[in-house]
Amino acid sequence: MTRRERLFRNTAKVRRRRITYGVFGAFVVCAASAAAANPGHRFHNMAPLYGVVGVVIVVLSLVGLLALLWSFQIEVDADGLTLRLRGRTTRLAWEAVESLAVVKTGESGLLEIRLVPGVRLPGRSAPEHDGRRRYSLLALDDFTVDADEVITVLSRYAGGRLDALEYLQHQAARRTVARYLRGEAIEVDPQLAAYLARQRRSANEETIPL
């Protein structure tokens with residue numbers, strides 16, 4: 001039987017964050033209304049703009065909360081991956097996946113999937129470049145397991161299709177600085193080393209003649 005591994009969204013964590021954004025947006029709207037009603041307020045002239053910004057934040061938070069009504073799951077195995085997104089289930093063979101990339105965003109990373117020309121995810125829109133579509137899936141911090149485990153699971157099956165080098169190098173640099181500040185010995189980062197080892201094994205397997 002083919003071994004399969006599953007990655008899930010930490011829905012409770014994402015929900016809390018989006019509720020926090022919504023509350024903040026509502027606070028901005030209330031503060032803007034108070035400033036607009038007081039001609040002597042230092043932000044009186046800017047109150048309409050702040051009010052609009054607050055409304056946009058609230059609306060985006062509500063849309064984000066509604067999106068959580070659908071489950072999110074990535075199932076991977078040696079033959080490909082299955083995506084359960086926004087109420088739709090899509091099975092993709094590895095031949096249909098050009099790359100999986102962890103794009104560094106601030107201190108975190110965003111998982112993206114790039115499909116071969118002509119392939120797309122049903123129910124999802126994405127810009128097209130040279131016939132290829134790239135979809136944002138989920139921030140690494142929003143899975144139920146930590147970011148390193150997400151990368152480990154994906155690279156175990158995706159092989160050379162997974163590009164997480166920039167993100168792992170950034171995280172390795174942060175950990176190295178932290179160790180230095182604590183007065184600890186500087187060592188090779190284990191997560192980065194394990195990723196590079198897996199990538200080398202994948203490259204070697206692809207070059208072995210049949």
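Only this structure's heavy atoms are used, side chains among them; waters, hydrogens and symmetry mates stay out.
For the atom pair OG (Ser99) and CG (Leu115), the distance works out to 8.5 Å, reported to the nearest 0.5 Å. The structure places CG of Leu154 at 9.5 Å from CD of Glu149, a figure rounded to the nearest 0.5 Å. Atom NZ of Lys104 sits about 12.5 Å away from atom CG of Leu110, to the nearest 0.5 Å. Atom-to-atom distance recorded for Arg18:CZ and Leu62:CG is 11.5 Å, nearest 0.5 angstrom. For the atom pair CG (Asp79) and CD (Glu95), the distance works out to 8.5 Å, reported to the nearest 0.5 Å. Here CZ of Arg86 is found 12.5 Å from CG of Leu69. Values are rounded to the nearest 0.5 Å.
Minimum interatomic distance between His44 and Pro39 (heavy atoms only, all atoms of both residues): ND1-CA, 3.7 Å. Contact between Trp94 and Arg161 at its shortest, heavy atoms only, is O-NE, 3.0 Å. In terms of heavy-atom proximity, Arg9 sits nearest to Trp70 at NH2-O, 2.7 Å. The two residues Lys13 and Asp141 make their nearest non-hydrogen contact at NZ-O, 2.5 Å. When all heavy atoms of Val102 and Leu140 are compared, the closest pair comes out as CG1-CD1, 3.5 Å. Nearest heavy atom pair, residue Val29 against residue Gly54, reads CG2-C, 3.5 Å.
Taking the side chain as every heavy atom from C-beta outward, Asn10 and Asp142 never approach each other to under 4.5 Å. In this structure the side chain of Thr90 never reaches within 4.5 angstrom of the side chain of Leu85, judged on heavy atoms. Side chains of Arg124 and Arg88 form no contact here, defined as non-hydrogen atoms less than 4.5 Å apart.
Cluster membership check: Leu68 does not share its hydrophobic cluster with Leu137, using side-chain heavy-atom separations under 4.5 Å among Ile, Leu, Val, Met, Phe, Trp and Tyr. Under the 4.5 Å side-chain contact rule for hydrophobic residues, Leu49 and Phe43 share a cluster. Under the 4.5 Å side-chain heavy-atom criterion for ILVMFWY residues, a single connected hydrophobic cluster contains both Phe72 and Leu121. A continuous path of hydrophobic side-chain contacts links Val150 to Val97 [ILVMFWY only; heavy atoms under 4.5 Å]. In the hydrophobic cluster analysis, where Ile, Leu, Val, Met, Phe, Trp and Tyr join through side-chain heavy atoms closer than 4.5 angstrom, Ile19 is grouped apart from Val55.
Within 6.0 Å of the OH atom in Tyr135, the count of heavy atoms belonging to other residues, nucleotides or ligands exceeds 12. More than 12 heavy-atom neighbours from other residues, nucleotides or ligands sit within 6.0 angstrom of CZ on Arg182. Residue Glu166 qualifies as open at atom CD: its count of foreign heavy atoms under 6.0 Å is 12 or below.
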Please step through side chain to side chain contact (heavy atoms under 4.5 Å, CB included) for the pair Ile151 and Gln191, ending with a clear verdict. CA-CA 9 Å; Ile151 292 174; Gln191 285 81 11; over 6 Å; no

Test Phe24 against Ile57 for side chain to side chain contact (heavy atoms under 4.5 Å, CB included), laying out the working first. CA-CA 8 Å; Phe24 173 74; Ile57 294 174; 4.0 Å; yes

Worked verdict on Val58 versus Val28 for side chain to side chain contact (heavy atoms under 4.5 Å, CB included): CA-CA 10 Å; Val58 171; Val28 171; over 6 Å; no

Would Val76 and Leu7 count as a side chain to side chain contact (heavy atoms under 4.5 Å, CB included) if you check the C-alpha gap in whole Å, the side-chain angles of each, and the deciding distance to 0.1 Å? CA-CA 8 Å; Val76 291; Leu7 298 168; 5.6 Å; no

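Shown are Arg134, Arg133, Arg132; of these, the salt bridge (charged side-chain N to carboxylate O under 4.0 Å, His left out) with Glu112 is made only by Arg134. Paired with Ile74 under the rule side chain to side chain contact (heavy atoms under 4.5 Å, CB included), one option of Leu100, Leu111, Leu138 passes, and it is Leu111.
Listed for the Tyr195 side chain is no donor-acceptor partner under 3.5 Å among the backbone atoms of Leu168.
Salt-bridge annotation for Arg114 and Glu98: present, with a side-chain N of the basic residue lying under 4.0 Å from a carboxylate O of the acidic one.
For the 3.5 Å distance criterion, the side chains of Thr82 and Arg91 qualify, holding a donor opposite an acceptor.
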